[in-house]
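Each ligand, and each atom within it, is numbered from 1 in the order the structure gives.
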Amino acid sequence: MQDITPNNIDMLVSLIGRAEHITVVSHMKPDGDALGSCLGMYHFLGLCGKQDRKVVLPHRTPYYLNFLIGKEVAGDILFHEDKAAAAEDAIRRSDLIICLDFNAFHRTDKLEQVLSDSTAEKILIDHHLSPDREKFTLSFSETEISSASELTYQILMQTPMIGNDAGRLPEGSALALMTGMTTDTNNFSNSVYPSTLRMASDLIEAGVDRNMILSSLYNQYSETRMRLMGHVLKDLMTITKDGVAYIVLDRKTLQEYYIEEGDTEGFVNLPLSIARVRMSLLLKEDGDKVRVSIRSKKGISANRCSRLYFNGGGHENAAGGRLYIPKDIAGISEAAAYIEEHTHRFMTDENI
Ligand code: 5GP
Ligand code: MN
């Protein structure tokens with residue numbers, strides 16, 4: 001935890017103390033860790049007596065996270081895709097912006113410009129590789145950690161308001177941080193460190209209802225999601241001779257199964273249970289681009305593969321990116337050939 005120093009904690013506390021209009025921001029297509037870390041911070045700001053605090057996200061959150069958005073929060077959360085002017089205005093009016101779970105402004109899609117233009121003090125709390133530190137007054141960047149939610153937890157624990165006692169975290173913070181950590185570790189199956197389990201037990205001791213979190217996250221999906229999963233595993237998964245599994249979901253298939261944002265959560269991990277699969281890719285057609293999720297086993301860098309061939313990045317074993325139509329491929333029907341060609345080069349060329 002190189003950045004969690006007494007000096008940096010003092011600076012965080014004084015930046016928050018001085019600020020009157022605070023906005024908390026996370027990345028496009030926000031997931032459990034994005035919303036969890038934002039709400040963890042949002043509720044802490046409430047404890048600090050900050051009345052004017054907003055959470056601004058580029059897009060709506062998936063429906064399985066709705067249990068985190070109570071009445072109090074709903075009035076203070078702005079999704080840019082729904083309320084662009086209000087979201088941008090909140091950022092423009094801010095004297096402090098706290099950026100969570102992303103490493104560079106371009107990860108916020110249409111918020112990039114307004115964030116770059118803002119002269120407010122900015123704090124980064126993130127666990128991705130290559131953070132854009134120069135853009136921030138204060139950065140907490142840690143890659144050897146489960147999630148931005150865990151990093152936020154470790155930071156808040158060091159503040160005088162919490163004083164290393166998880167029981168003093170606002171209830172909403174504790175619930176949100178536990179949720180974000182749970183989703184980013186895929187329910188404790190990857191990126192789990194001793195500190196992650198300590199955080200979990202401290203939060204459970206402090207009263208967080210883990211059963212409620214699990215049933216909200218994993219037992220409320222639509223039936224069509226599971227039917228699509230069957231179709232994917234039986235007919236749509238290809239495994240190359242290099243041990244790369246890939247699944248392409250075109251618009252037609254997504255429509256046929258009434259797939260909503262968040263419904264394909266976890267699909268990309270499924271092929272990794274096969275012994276000979278070393279890397280897995282999930283592609284989803286989305287307008288004039290194809291969204292790409294990559295997961296890899298130890299020794300293969302999903303981050304590097306994404307940076308090289310999929311206009312993205314992320315963590316060593318979990319990354320994301322996108323293919324642009326028609327820049328990278330002429331259409332979705334060319335996605336399979338693109339993956340086969342580029343992952344073959346990636347898996348076999350020692351110079352890469
Ligand atoms: P997912 O497959 O769940 O969309 O993304 C996996 C991980 O990679 C997440 O932690 C996500 O934040 C990160 N990620 C996704 N796309 C990008 C990208 O374009 N750049 C970077 N740096 N990280 C990304
Ligand atoms: Mn994360």
Side-chain angles (χ1 to χ4, degrees), residues 24-41 57-59 61-62 64-65 99-109 111-112 124-133 135 140-154 176-187 189-193 196 199 217 245-247 249 261-272 279-284 286 289-296 301-324 328:
V24 180
V25 178
S26 193
H27 60 77
M28 61 173 108
K29 305 280 177 187
D31 56 7
D33 191 31
L35 184 66
S37 55
C38 282
L39 293 183
M41 182 56 77
L57 296 168
H59 303 104
T61 44
Y64 59 78
L65 296 173
C99 297
L100 293 136
D101 196 32
F102 67 92
N103 55 0
F105 292 154
H106 68 83
R107 294 277 298 127
T108 64
D109 199 43
L111 297 176
E112 178 178 2
L124 176 71
I125 300 180
D126 181 46
H127 69 131
H128 293 89
L129 299 160
S130 324
D132 202 353
R133 284 181 188 265
K135 303 278 165 61
F140 294 91
S141 165
E142 179 67 53
T143 54
E144 298 287 300
I145 198 162
S146 66
S147 52
S149 295
E150 184 187 335
L151 183 54
T152 304
Y153 171 84
Q154 307 291 358
L177 296 173
M178 182 77 154
T179 301
M181 181 264 276
T182 302
T183 58
D184 247 29
T185 58
N186 202 359
N187 197 13
S189 48
N190 34 51
S191 314
V192 171
Y193 296 81
T196 317
M199 165 184 173
L217 289 177
Y246 67 87
I247 297 159
L249 296 175
E261 195 60 47
D263 271 343
T264 54
E265 192 63 43
F267 279 23
V268 67
N269 294 305
L270 297 170
L272 292 179
M279 184 161 75
S280 167
L281 293 90
L282 175 75
L283 279 79
K284 274 166 73 177
D286 182 9
K289 61 184 177 307
V290 181
R291 279 154 61 193
V292 184
S293 280
I294 311 178
R295 302 291 183 271
S296 59
S301 174
N303 173 56
R304 195 160 166 66
C305 184
S306 186
R307 289 171 80 102
L308 281 171
Y309 302 120
F310 296 98
N311 305 299
H315 313 286
E316 191 62 9
N317 299 116
R322 54 217 57 77
L323 291 177
Y324 297 103
D328 298 310

With a 3.5 Å cut-off and no angle check, do the side chains of Asn190 and Asn269 form a donor-acceptor pair?
no
Would you kindly say whether Asp33 and Ser149 are connected by a side-chain donor-acceptor distance under 3.5 Å?
yes
Tell me the protein heavy atom at minimum distance from atom 9 (C) of ligand 1, and give that distance in Å.
His128 NE2, 3.9 Å
Heavy-atom contact under 4.0 Å between Asn103 and ligand 1?
yes
Parallel, tilted or perpendicular for His128 and His315, by the 30°/60° rule?
parallel
Taking distance alone, with no angle check, do Gly313 and ligand 1 share an N/O pair under 3.5 Å?
yes
Note: heavy atom closest to atom 3 (O) of ligand 1, options Arg295, Glu265, Lys284, belongs to Arg295
Under 2.8 Å from the Mn ion (ligand 2), which protein N, O or S atoms are there? Could you list them by chain and number?
Asp33 OD2, Asp101 OD1, His127 NE2, Asp184 OD2
Consider every N or O of Arg107 and every N or O of ligand 1, then say whether any pair is closer than 3.5 Å.
yes
Are any side-chain N or O atoms of Asp31 and backbone N or O atoms of Ala34, one a donor and one an acceptor, separated by less than 3.5 Å?
yes
Tell me: protein heavy atom nearest atom 7 (C) of ligand 1, and distance?
Ala318 O, 3.7 Å
Would you check, one step at a time, whether the test salt bridge (charged side-chain N to carboxylate O under 4.0 Å, His left out) holds for Glu112 with Lys135?
CA-CA 12 Å; Glu112 178 178 2; Lys135 303 278 165 61; over 6 Å; no
Note: Leu129, heavy atoms under 4.0 Å from ligand 1, region reported as neither
Shortest non-hydrogen contact from Ala318 toward Arg295
CB-CD, 3.7 Å
Here the pair of heavy atoms bringing Ser141 nearest to Pro131 is OG-CG, 3.3 Å
Closest non-hydrogen atom pair, Asp101 against Ser37
CB-OG, 4.1 Å
Least distance between heavy atoms, Leu217 atom then Tyr64 atom:
CD2-CD1, 3.8 Å
Within the 3.5 Å criterion, strictly below it, is a donor on Glu150 or Tyr193 matched to an acceptor on the partner's side chain?
no
For Asp184 and ligand 1, does the shortest N/O to N/O distance drop below 3.5 Å?
no
Give a yes/no verdict on whether any heavy atom in Arg322 is under 4.0 Å from an atom of ligand 1.
yes
Any idea which atoms of ligand 1 are less than 4.0 Å away from a heavy-atom of His315?
10 (O)
Would you mind running through ligand 1 and noting each atom that sits below 4.0 Å from a heavy atom of Gly320?
8 (O), 14 (N), 15 (C), 16 (N), 17 (C), 18 (C), 19 (O)
Looking at Gly314, Ser26, Ala104, Ser293, the heavy atom closest to atom 4 (O) of ligand 1 belongs to Ser293
Kindly check if the number of other-residue, nucleotide or ligand heavy atoms within 6.0 Å of CZ (Arg322) is above 12?
yes
